[in-house]
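Sequence positions, counted from 1, serve as the residue numbers for this chain. It should be emphasised that the depicted structure is a prediction, and the values quoted were computed from it without experimental measurement.
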Amino acid sequence: MPVGVTLLLVLAVLIYFGLLQRVVDRMHMSDKTALIFIGAMIVGTFLPNIPLGRGLSINIGGGLVPIALAAYLIVTADSGEEKVRSIIAAAITGLAVYAGGRLLPAEPETTYLDPLLVFSLLAGVIAYIFGRSRRGAFIAGVMGILISDIIYAFGVAGRPVGTAIGGAGVFDAAVIAGVIGVALCEFVGETREKLQGGTAKAEKNRNMASSLMNEEGEKNEDR
């Protein structure tokens with residue numbers, strides 16, 4: 001079973017049992033909506049590709065559905081700033097992945113790590129840095145991989161090379177990149193909240209101690 005499909009099935013189970021409730025909520029999606037998109041991506045990967053002409057086609061589960069999901073998340077974003085930031089982050093991620101593919105060897109036997117994992121990690125980290133929010137990081141991670149794939153498909157001179165946009169490897173990379181971007185946002189966000197909570201608590205204790213000392217000093221003066 002493809003890595004992307006396996007990962008989506010795991011996410012679907014976690015969402016169904018409410019273990020990712022807060023993450024889904026922060027992406028402004030309901031559990032039902034998230035499961036519908038996940039189901040559509042999984043089923044779509046097993047459907048025939050849609051021909052686009054000149055030897056180029058697009059995979060439903062790895063191309064059309066992720067694009068529709070990214071569009072949905074952009075449209076439902078809280079502010080225009082977040083919408084623009086997500087789009088820019090996706091473009092930067094796509095160009096970075098494309099450049100990485102041109103500079104790094106793509107054959108598994110020439111690298112210590114699977115190129116799929118390398119490009120997924122690259123996209124996920126860049127998506128987190130520029131996306132800044134869980135929703136933005138997910139959009140940038142998924143669309144970054146697809147944008148790089150589209151660039152490869154059409155070539156620098158705009159000539160299709162007979163590939164399927166969002167094919168098996170790209171589908172896996174897009175899912176992994178999106179998950180990595182959101183996971184980094186969640187981890188860093190949680191860590192920051194705990195640190196801020198600890199700082200706020202310490203500050204509160206200091207203020208209470210200072211207030212008690214002032215009250216004690218005022219009582220001594222009254223005496």
Side-chain angles (χ1 to χ4, degrees), residues 2-8 10-11 14-15 20 22-24 26-29 34 37-38 41 62-63 65-67 69-74 77-78 81-108 110-153 165-196:
V3 176
V5 173
T6 302
L7 185 54
L8 286 176
V10 172
L11 292 175
L14 294 176
I15 291 173
L20 293 179
R22 191 170 70 164
V23 177
V24 175
R26 289 186 174 182
M27 293 181 68
H28 293 267
M29 295 179 66
F37 274 112
I38 289 176
M41 291 174 68
V65 178
I67 292 174
L69 174 56
Y72 171 82
L73 293 174
I74 291 173
D78 293 329
E81 179 183 356
E82 186 178 11
K83 295 177 182 179
V84 173
R85 186 174 67 239
S86 299
I87 294 172
I88 293 176
I92 293 174
T93 304
L95 292 174
V97 172
Y98 175 77
R102 301 286 292 182
L103 297 174
L104 300 176
E107 293 76 18
T110 62
T111 60
Y112 292 103
L113 295 175
D114 188 338
L116 169 66
L117 180 60
V118 173
F119 294 136
S120 299
L121 287 171
L122 175 64
V125 172
I126 296 175
Y128 158 70
I129 293 174
F130 290 96
R132 295 174 59 183
S133 67
R134 292 162 181 80
R135 181 165 36 192
F138 181 82
I139 294 170
V142 173
M143 288 304 301
I145 294 292
L146 288 176
I147 288 172
S148 68
D149 191 40
I150 292 172
I151 297 174
Y152 274 115
I165 297 173
V170 174
F171 169 75
D172 293 339
V175 173
I176 295 173
V179 170
I180 290 175
V182 175
L184 285 174
C185 283
E186 186 69 16
F187 174 76
V188 174
E190 284 294 309
T191 302
R192 185 178 301 167
E193 287 178 7
K194 289 181 179 179
L195 290 176
Q196 289 177 345

>> Is it the case that the side chain of R85 and the backbone of G131 share a donor-acceptor pair, with hydrogens and angles ignored and the cut-off at 3.5 Å?
In response: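 Side chain of R85 to backbone of G131: a pair is present.
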Between atom [atom1] of [X] and atom [atom2] of [Y], what is the distance when rounded to the nearest 0.5 Å?
{"X": "I74", "Y": "M143", "atom1": "CD1", "atom2": "CE", "value": "7.0 Å"}
{"X": "I145", "Y": "Y98", "atom1": "CD1", "atom2": "OH", "value": "14.5 Å"}
{"X": "I147", "Y": "I67", "atom1": "CD1", "atom2": "CD1", "value": "9.0 Å"}
{"X": "I151", "Y": "L95", "atom1": "CD1", "atom2": "CG", "value": "5.0 Å"}
{"X": "Y128", "Y": "E186", "atom1": "OH", "atom2": "CD", "value": "11.5 Å"}
{"X": "R134", "Y": "I139", "atom1": "CZ", "atom2": "CD1", "value": "14.0 Å"}

Please report the closest heavy-atom contact between [X] and [Y], naming both atoms and the distance.
{"X": "L184", "Y": "G124", "value": "CD1-O, 4.1 Å"}
{"X": "L122", "Y": "A96", "value": "CD2-O, 3.9 Å"}
{"X": "S133", "Y": "E82", "value": "OG-OE2, 3.1 Å"}
{"X": "G178", "Y": "V142", "value": "CA-CG2, 4.0 Å"}
{"X": "Y152", "Y": "R102", "value": "OH-N, 3.5 Å"}
{"X": "A123", "Y": "A177", "value": "CB-CB, 3.7 Å"}

Taking the side chain as C-beta and beyond, is there a heavy-atom pair between [X] and [Y] under 4.5 Å?
{"X": "F171", "Y": "V5", "answer": "yes"}
{"X": "S86", "Y": "L73", "answer": "no"}
{"X": "I129", "Y": "I92", "answer": "no"}
{"X": "I15", "Y": "M29", "answer": "no"}

> So does R132 have more than 12 non-hydrogen atoms from other groups sitting under 6.0 Å from CZ?
Replying inline: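 Count not over threshold, so no.
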